[in-house]
Amino acid sequence: MKSIEAVNEFVIRFANVNGTGSASANAMFGKSVFRMGIPVSPKNIFPSNIQGLPTWYEVRVSEKNYLGRRGGVDIAVAINPQSMAQDMTDLNPGGFFIYDNTKALDLRLHRDDVNLIGLPLTDICRREYSQARQRQLFKNVIYIGALSALLDIEFSVLTDLVGAQFKGKEKLIASNIHALELGYQYAQDNFSCPLSIRLERRDLIGDRVLLEGNDALALGAVYGGATVVPWYPLTPSTSVIEGFEKYANRLRIDPGSGDRRFCVAQAEDELAAIGMVIGASWNGARSFTATSGPGLSLMSEFLGLAYFAEVPAVLFDIQRAGPSTGMPTRTQQSDIFAAAYASHGDSKHVLLIPADPKECFEMSADSFDLAERLQTPVIVMSDLDLGMNDNLCAPLEWDDNREYDRGKVLSAEDLDNMTERYGRYLDVDGDGICYRTLPGTHPEKGAFFTRGTSRNEYAVYTEFGDAYVKNMERLNAKMETAKSYVPGPVTYKASKKTRDGVIFYGTSTDASLEALDILAEQGLHLDALRLRAFPFSKEVTDFIESHDRIFVIEQNRDAQMRKLLIIECDLNPKKLLSYVHYDGMPMTALGVSGHIGEVLGKNNITPIRKGKAGAKS
């Protein structure tokens with residue numbers, strides 16, 4: 001049997017039981033790779049219960065800077081008997097299966113084409129620790145120590161991480177380093193170290209950082225001027241609010257009085273949360289909330305109110321697998337339609353779609369400017385994969401000279417200087433965006449009724465159809481104006497001229513870019529475009545028109561972005577082919593390249609084919 005040989009290019013997956021303390025140990029592995037100067041992308045795949053079900057932690061190590069899931073596993077650290085059969089099945093031929101051999105491996109799991117590495121983890125823990133919880137926790141640290149020897153991780157990097165994690169708790173530092181030493185020594189004494197898959201120090205990180213998308217959204221909201229944050233807890237969005245409060249407690253405390261210059265308020269439900277956002281925004285505050293698919297469904301009517309009454313509002317949607325409760329701790333891009341057209345009747349909302357934590361930070365801050373400039377809800381579309389996993393990205397930057405864009409807001413002086421009658425819904429500039437006033441601006445002028453019912457240009461209630469149509473047409477014109485304000489798409493030109501293209505967005509980006517490289521090596525070349533916002537700008541339609549065949553890659557069953565493109569850009573559906581992945585795991589480069597390669601290999605346009613959910617790729 002030939003073992004896989006790789007330096008700094010492999011996938012390792014840890015299989016544990018939820019609630020056993022494995023997450024912090026597995027994260028230590030990912031951070032150790034990062035500190036050795038090697039690009040790394042960890043994915044924490046956890047169940048929605050508190051304890052007892054299988055959990056995985058998959059780490060992509062790639063000095064080629066591929067940060068999406070590749071597909072397949074080269075090293076399995078199988079600590080959970082519940083998932084061991086699946087963990088063995090997913091292992092690539094020539095890979096390494098690391099397990100606790102205190103109990104003999106079930107003969108039915110044996111494969112002739114993989115390497116077995118048994119570590120007596122339970123026996124070591126029984127010998128070293130008397131308390132059950134210590135045995136449970138330190139088992140994880142021991143196998144990290146063994147991996148240090150097996151994969152040639154610099155041991156000092158691990159001890160530095162332990163020191164940083166438990167700073168000020170010397171007993172914990174000593175006990176964790178001892179557990180690392182136990183694993184390291186056992187591997188050194190019993191195996192030929194390092195394995196044919198190993199790590200080697202590089203200098204490939206530069207100034208990049210590891211950061212969760214939810215944390216970046218939270219910090220962006222602080223820098224973007226948010227002060228009022230109503231919310232209701234919902235996985236996987238909760239950590240956005242927790243992050244905002246954490247940063248605001250550092251950056252929004254008045255140095256003189258010690259007063260908090262922000263408000264975080266837990267509402268009774270998602271309906272109340274978005275209602276409070278709209279109320280605060282109407283009063284002139286910058287306000288947001290965060291939710292996921294079920295919350296977005298509940299917020300739909302209020303979002304329609306904000307659209308029709310033209311009140312700024314910001315919402316962060318951290319998407320998860322639906323519908324209904326669905327899989328609360330699995331990722332998808334399945335709220336595209338629900339967000340773009342939230343509410344009954346004819347409505348349309350601005351969507352921003354970040355692909356990494358840096359864009360989360362930037363789009364978070366920008367969303368408040370956009371919401372006020374356009375006087376409408378802006379929804380930032382992240383997901384669980386981006387939101388709750390460490391992602392490698394460029395450092396966050398902020399211009400201290402930047403000023404907030406409040407949009408068309410009339411001051412008391414502006415009102416005094418007006419000779420004509422003030423009309424809240426009067427399109428003075430022809431861009432669909434009207435001038436607003438904030439409550440209390442002037443004692444006599446600029447007042448108007450904010451209502452969700454039909455009205456004329458002066459905010460006077462009416463049910464005349466022509467006034468209603470005129471207002472709805474202006475709202476549509478405002479969305480046309482929005483196309484010039486939202487972030488434009490990013491294009492990637494193939495090395496050879498081609499009439500085939502690919503469109504992707506958000507967390508489909510990394511796997512798609514790697515898939516393009518795989519296809520290029522096979523002689524199949526495609527141009528690519530990454531969507532970053534809705535409504536779609538002219539660059540999007542120009543890209544589609546310049547190609548004969550476009551693959552739209554996304555993580556939902558119904559190809560929602562493909563359909564949105566067809567509707568909004570008035571396209572022939574046959575021109576857009578679909579690859580969808582929706583099993584709750586982030587998509588893989590091999591899955592994307594395999595599908596596109598199969599279709600292009602037939603050299604004709606085939607019917608829309610959907611990727612098989614849950615299939616190994």
From CA spacing to verdict: ring pair (Phe, Tyr, Trp, His ring centres under 6.0 Å), Phe14, Phe29: CA-CA 10 Å; Phe14 300 85; Phe29 173 85; 5.4 Å; yes

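For residues 314-329, no pair satisfies side chain to side chain donor-acceptor pair (under 3.5 Å), with sequence neighbours left out.
Every side-chain contact (heavy atoms from CB on, under 4.5 Å) that Ala339 has, sequence neighbours left out, goes to Leu296, Leu351, Ile379, Met381. Scanning for side chain to side chain donor-acceptor pair (under 3.5 Å) contacts around Asp369 gives Arg286, Arg402, with sequence neighbours left out.
If you take CG on Leu529 and CG on Leu526, they are separated by 13.0 Å, rounding to the nearest 0.5 Å. The structure places CD1 of Ile596 at 9.5 Å from CG of Leu524, a figure rounded to the nearest 0.5 Å.
Judged purely by distance below 3.5 Å, without hydrogens or angles, the side chains of Asn214 and Ser239 pair a donor atom with an acceptor atom. Asp558 and Tyr582 share no side-chain donor-acceptor pair at under 3.5 Å. There is a side-chain donor-acceptor pair under 3.5 Å between Asn556 and Glu554. Side chains of Gln333 and Ser508: a donor-acceptor N/O pair is present below 3.5 angstrom, by distance only.
Between Tyr341 and Phe337, the angle of the ring planes goes over 60°, which puts this pair in the perpendicular group of the 30/60° scheme. Under the 30°/60° scheme for interplanar angles, the aromatic rings of Phe288 and Phe316 are found to be tilted.
Under the ring pair (Phe, Tyr, Trp, His ring centres under 6.0 Å) rule, Tyr223 has a single partner from Tyr404, Phe361, Phe368, which is Phe361.
With respect to the salt-bridge test (charged N to carboxylate O, under 4.0 angstrom), the residues Glu359 and Arg530 qualify. Glu58 has no carboxylate O lying under 4.0 Å from a charged side-chain N of Lys43, or vice versa, which leaves the two without a salt bridge. Classification of Arg202 and Glu200 as a salt-bridged pair holds, one side-chain N sitting under 4.0 Å from a carboxylate O.
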